[in-house]
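The chain is numbered in sequence order, starting from 1. Computed from heavy atoms alone, side chains included, the values below leave out hydrogens, waters and symmetry copies. Numbering of ligands and ligand atoms starts at 1, following listing order. Not measured: the values here are computed from a predicted model.
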Amino acid sequence: MSGVNLYRGRLAPSPTGYLHLGHARTFWVAWHRARQHAGTLVLRNEDLDRDRCRPEYVTAMVEDLRWLGLDWQEGPDCGGPHAPYDQSRRHAWHVAVFEQLRSSGCVYPCVCSRKDVLQALGAPHAGEEEPVYPGTCRPEKRPQPIVVTDPARLRHRDAHGRRVNWRFRVPDGERITFADGAAGPQEFVAGRDFGDFVVWRHDDVPAYQLAVVADDHAMGITEVVRGADLLLSTARQLLLYHALGWTPPQFFHVPLMTDERGTRLAKRHDALSLRALRAAGAHPAEWGAEWEAWLAQTLPA
Ligand code: GLU
């Protein structure tokens with residue numbers, strides 16, 4: 001290739017708590033890959049969850065990532081050609097993407113609450129993954145494109161004034177495959193491994209799946225580096241890329257860090273927050289070499 005470098009990666013933390021060592025390792029890998037490719041790294045503040053995101057966590061995440069030694073070329077703190085880099089300020093773009101899905105007939109309104117879904121399934125739900133939606137509100141046939149007279153209102157209310165979530169209708173039985181740069185070949189079956197998923201929420205906020213696809217595409221991301229807990233979400237996101245007629249990026253899902261009991265690290269592991277480690281005198285410059293060796297070992301042959 002010519003001297004033009006096209007690699008664009010991103011760091012996409014949600015400011016719902018302090019970053020911990022597990023985030024640090026995943027973000028370090030994202031930063032390292034962008035450097036290896038002499039590419040551009042984008043910091044995107046995924047602050048859509050109004051109840052859980054807090055401005056002090058946004059300040060803290062920028063500070064902690066810098067303390068870790070990472071740098072990025074575009075972001076909420078430094079601007080760039082794809083601003084704004086705070087997802088909460090990208091509503092108009094998210095609406096436009098939702099409207100594209102709605103006008104192509106691949107989403108339908110759903111009045112089920114989470115409790116309704118669990119009751120319809122008749123079983124308590126264990127684990128972090130969304131249960132497969134039992135199809136209560138799914139139209140018999142593929143929904144026709146919906147002609148909307150009052151688009152803003154009808155994004156979160158149906159004609160009877162009930163609150164609705166909009167779900168993407170998945171092609172039941174279809175295999176979704178992709179080659180993950182870190183986790184190797186992946187295969188999921190729509191309707192079995194995951195069901196119709198929410199793309200627009202009843203509080204008029206885009207769901208994670210829609211927002212992340214909309215923004216990775218708009219920001220020209222060529223490789224998504226993130227935790228392996230999102231592998232199944234990638235299958236959902238690939239369906240969105242397809243429905244929108246967009247080329248998906250490459251994916252690189254980093255194995256998650258666990259504690260000594262094998263439990264995945266979470267923001268609640270306060271002792272391993274980067275703040276606590278900094279206060280305890282940790283030197284992140286020493287972690288890079290260790291993580292590089294670990295990464296080389298975990299990659300597929
Ligand atoms: N913001 C998401 C999180 O913190 C990650 C999104 C992504 O990397 O796709 O869990």
Point to revise | Pairing residues for A282 by the side-chain contact (heavy atoms from CB on, under 4.5 Å) criterion, not counting sequence neighbours | key: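 Partners of A282 under the side-chain contact (heavy atoms from CB on, under 4.5 Å) test: W67, L277, W287.
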Point to revise | From CG (L19) to CZ (F27), nearest 0.5 Å | key: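 One gets 6.0 Å once the value is rounded to the nearest 0.5 Å.
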Practice item. May I ask whether H23 has any heavy atom positioned less than 4.0 angstrom from an atom of ligand 1? Key: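 False for this residue.
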Check your understanding: Hydrophobic clusters join Ile, Leu, Val, Met, Phe, Trp and Tyr when side-chain heavy atoms are under 4.5 Å apart, directly or via other members; which others share one with V205?
Key ->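 The other cluster members (ILVMFWY side chains, heavy atoms under 4.5 Å, direct or chained) are L48.
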Practice item. Salt-bridge test for R275 and E63: reply yes if a basic N is under 4.0 Å from a carboxylate O, no otherwise. Key: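 Looking at R275 and E63, the cut-off is met.
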Which of the atoms of ligand 1 are close to [X], meaning less than 4.0 Å from one of its heavy atoms?
X: E46; answer: 1 (N), 2 (C), 5 (C), 6 (C)
X: V212; answer: 9 (O)
X: Y208; answer: 6 (C), 7 (C), 9 (O)

Review point. In terms of the angle between their ring planes, are F251 and Y241 parallel, tilted or perpendicular, with boundaries placed at 30° and 60°?
Key: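 Answer is perpendicular, since the angle exceeds 60°.
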Point to revise | R10 and ligand 1 - part of the residue with a heavy-atom distance under 4.0 Å | key: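 Side chain only; the backbone of R10 stays clear of ligand 1.
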Check your understanding: For ligand 1, is there an N or O atom under 3.5 Å from any N or O atom of A12?
Key ->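 Min N/O separation from ligand 1 is below 3.5 Å for A12.
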Exercise for review: Would you please indicate if the ring centroids of W166 and Y108 are separated by under 6.0 Å?
Suggested key: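 They do not qualify: ring centres at least 6.0 Å apart.
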Point to revise | From S14, A211, G227 - option closest to atom 4 (O) of ligand 1 by heavy atom | key: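 Selected option, by shortest heavy-atom distance: S14.
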